[in-house]
Amino acid sequence: MKKIFFILLIVNISLFALEDFQGCKELKLSEAKSIISCPSGDYEVTFNLDRDKRDLIDAPTIVKIGEAPQKIIQYINK
């Protein structure tokens, strides 16, 4: 029963963690670091490791490293 509870807990945490990055792609540099490319910009995410695997309980450190280009709107009058 405890195993099932912990598995469900980890799955729920993972789903809520991925909710912030909808429509994004992850480039995994190592087990501890990733670069996530989103429509709003690029982010460097650093995870804490627990036995050489990502610790899903602690919140990762997120640093914005790139800004998405602004859309250019031209108004042309005749």
Side-chain angles (χ1 to χ4, degrees):
M1 186 70 180
K2 288 182 182 179
K3 289 181 182 179
I4 294 173
F5 175 73
F6 286 122
I7 290 172
L8 289 175
L9 180 68
I10 290 172
V11 168
N12 284 336
I13 291 171
S14 300
L15 290 176
F16 285 118
L18 293 176
E19 188 174 303
D20 294 338
F21 295 109
Q22 292 292 331
C24 301
K25 295 185 179 184
E26 178 182 6
L27 174 63
K28 198 170 184 179
L29 300 175
S30 68
E31 191 64 34
K33 279 197 173 198
S34 292
I35 293 179
I36 297 179
S37 298
C38 295
S40 62
D42 294 336
Y43 301 91
E44 180 181 320
V45 182
T46 305
F47 295 94
N48 295 328
L49 294 181
D50 183 27
R51 297 183 192 151
D52 296 331
K53 292 187 179 179
R54 288 183 177 177
D55 188 7
L56 297 177
I57 295 174
D58 290 338
T61 304
I62 301 173
V63 178
K64 192 170 191 176
I65 57 174
E67 186 75 30
Q70 299 293 327
K71 293 183 181 177
I72 298 173
I73 300 173
Q74 288 184 329
Y75 296 103
I76 299 173
N77 294 331
K78 290 185 179 179

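Just so it is clear, the model here is predicted, and its values are computed rather than measured.
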| Does the pair V45 and T61 meet the rule for a side chain to side chain contact (heavy atoms under 4.5 Å, CB included), with working shown? | CA-CA 6 Å; V45 182; T61 304; over 6 Å; no

| said: Considering only residues two or more places apart or on different chains, which pairs with a residue in residues 41-50 satisfy salt bridge (Lys or Arg N to Asp or Glu O under 4.0 Å)? | reply: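 Output for this query lists K33-E44.
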
| field | Atom pair CD1 (I62) and CD1 (I36), whose distance is rounded to the nearest 0.5 Å | value |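 That separation rounds to 7.0 Å.
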
| field | Separation of K25 NZ from S37 OG (nearest 0.5 Å) | value |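 Atom-to-atom, S37:OG and K25:NZ are 9.0 Å apart.
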
| With sequence neighbours excluded, residues passing side-chain hydrogen bond (donor to acceptor under 3.5 Å, both in side chains) with S40 |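 By the side-chain hydrogen bond (donor to acceptor under 3.5 Å, both in side chains) rule, S40 matches Y43.
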
| said: So, using side chain to side chain contact (heavy atoms under 4.5 Å, CB included) as the criterion, who are the partners of A32 when residues are at least two apart? | reply: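 Result, side chain to side chain contact (heavy atoms under 4.5 Å, CB included) vs A32: S30, L49.
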
